[in-house]
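Working notes for the structure below.
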Protein chains: 2
Amino acid sequence: MDESDSKMSTTEKLLNAAEHRMRRGGYNAVSFRDLANDTNIKSSSVHYHYPKKEDLGTALVDRYSKRFFDTLNVKTENATTMEQKLKVYQSIIRSALVEDDAICLCGLLGAEGAGIPDVVANGVQNFFDENIKWLVSILPQEMSESQKSSMASTLLAGHQGAMMLARSMQDNKIFDTITNQLIKEAI
Amino acid sequence: MDESDSKMSTTEKLLNAAEHRMRRGGYNAVSFRDLANDTNIKSSSVHYHYPKKEDLGTALVDRYSKRFFDTLNVKTENATTMEQKLKVYQSIIRSALVEDDAICLCGLLGAEGAGIPDVVANGVQNFFDENIKWLVSILPQEMSESQKSSMASTLLAGHQGAMMLARSMQDNKIFDTITNQLIKEAI
DNA sequence: GTCTATAATTTGATAGAC
DNA sequence: GTCTATCAAATTATAGAC
């Protein structure tokens with residue numbers, strides 16, 4: 001995963017450390033000093049890369065968003081049916097939960113919405129907008145726009161809620177249970 | 001709602017102020033000084049009522065949990081069908097979103113799970129356990145235990161995700177869309 | 001129960017040398 | 001790009017008077 005650390009640029013290391021902390025404890029669970037220790041530099045050097053905390057926050061959301069949709073596009077390249085595409089969607093989010101041992105960055109920041117800088121909250125909103133657009137795009141044409149829209153929102157909310165629940169109850173199986181149920185109902 | 005403030009005990013005022021702040025920005029968005037200002041006392045007096053922050057956190061989760069299930073029990077007293085009971089469940093959560101202009105306390109704290117004291121996280125887990133138990137209890141007997149369990153988790157995750165999404169996208173209508181869809185699929 | 005006073009720590013942030 | 005040095009503000013918390 002981390003290329004034994006040495007090849008990585010400082011910003012990469014910083015973003016990785018910050019993402020891990022933020023996806024586990026939220027926006028305020030990340031401090032410049034912690035990141036400095038994580039990356040073996042001083043906190044003033046962290047400020048060189050991200051002058052204000054909201055700069056770091058927006059960079060994190062942007063990278064997270066881009067990576068998510070890039071992965072989604074690559075992994076659905078050879079998927080033909082809606083079910084196949086939904087399974088890819090599910091598996092990417094599942095990896096984020098299980099392998100990173102954390103929830104979705106935007107799910108957590110979205111929940112904290114009133115306590116984070118507006119510019120970061122805007123990035124979060126954009127992430128969810130794009131999620132819904134993608135989900136709508138894979139739903140069958142015979143569904144009405146309004147049906148597709150409500151199905152897409154339900155799938156998104158369900159996956160986000162499933163991550164939160166799995167972490168709260170310390171049971172990743174519940175994520176599979178919920179998302180399998182959602183996909184079954186969508187097909 | 002607040003009885004023009006004068007009748008309320010200090011702990012009541014403190015819990016109300018803290019709940020409002022925590023349900024909007026998370027655990028770390030609540031400080032003793034803010035609560036002191038909100039209630040017109042000094043921060044040291046807040047510590048008299050809640051010596052440590054985790055004491056406040058557990059009191060908040062306990063009160064929130066108790067109030068939720070008390071309301072649920074009262075409002076489903078005369079409900080006979082599963083659909084009626086689910087509509088009550090939906091409407092209570094909807095009020096929490098719309099009237100309080102905030103998400104579920106436990107939904108937010110659950111997301112922040114790795115960044116809050118264990119004792120608070122345990123209260124959150126308990127809240128969700130009880131949610132699932134209640135939902136399972138209203139589902140039809142003809143469903144298998146495993147079907148009921150997965151349906152209950154899906155309804156819970158969907159309602160929590162719907163609150164988070166509604167706040168992130170600043171659109172409460174999406175909460176209704178999602179939860180109506182979920183209930184339709186459950187019936 | 002509330003106050004004043006205070007302490008220890010953390011946090012976001014800046015100035016300036018190398 | 002990173003460091004030392006530093007800061008002002010915020011935060012959790014305690015001691016003791018009233």
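Labels below follow one simple rule: chain letters A, B, ... track the order of the sequence lines, proteins then strands, and each chain is numbered from 1. The shown structure was predicted, so the numbers you read here are calculated from the model rather than taken from an experiment.
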Length of the line joining A:Y48:OH and D:dT2:C1', which is rounded to integer Å: 9 Å
Identify the stems formed by DNA chain C, where each pair is Watson-Crick or G-U wobble with both distances under 3.5 angstrom and a stem is at least 3 consecutive pairs. C:1-18 with D:1-18
Students often get this wrong, so: under 4.0 angstrom with heavy atoms, is A:S31 touching a base, only sugar-phosphate, or nothing? sugar-phosphate
Between A:E19 and A:R67, is there a side-chain N and carboxylate O pair less than 4.0 Å apart? yes
Quick check: are there more than 12 heavy atoms from other residues, nucleotides or ligands sitting under 6.0 Å from NZ of A:K75? no
Output yes when at least one side-chain N/O atom of B:S43 is less than 4.0 Å from OP1 or OP2 of D:dA13, else no. no
Over all strands shown, is B:V30 touching base, sugar-phosphate only, or nothing at heavy-atom distances under 4.0 angstrom? sugar-phosphate
At their closest point, which heavy atom of A:Q170 faces which heavy atom of B:Q125, and how far apart are they? NE2-OE1, 3.2 Å
Quick one: is A:K53 getting a side-chain N or O under 4.0 Å of the C:dG12 phosphate, OP1 or OP2? yes
Indicate, with a heavy-atom threshold strictly under 4.0 Å, whether A:F32 touches base, sugar-phosphate, or nothing. sugar-phosphate
Applying a 4.0 Å non-hydrogen cut-off, can you work out what B:S44 is touching in the nucleic acid: base, sugar-phosphate, or nothing? base
Is the phosphate of C:dT2, meaning OP1 or OP2, less than 4.0 Å from a side-chain N or O of B:H49? yes
On a heavy-atom basis, which atom in B:A18 and which in B:L60 lie closest, and how many Å separate them? CB-CD1, 3.8 Å
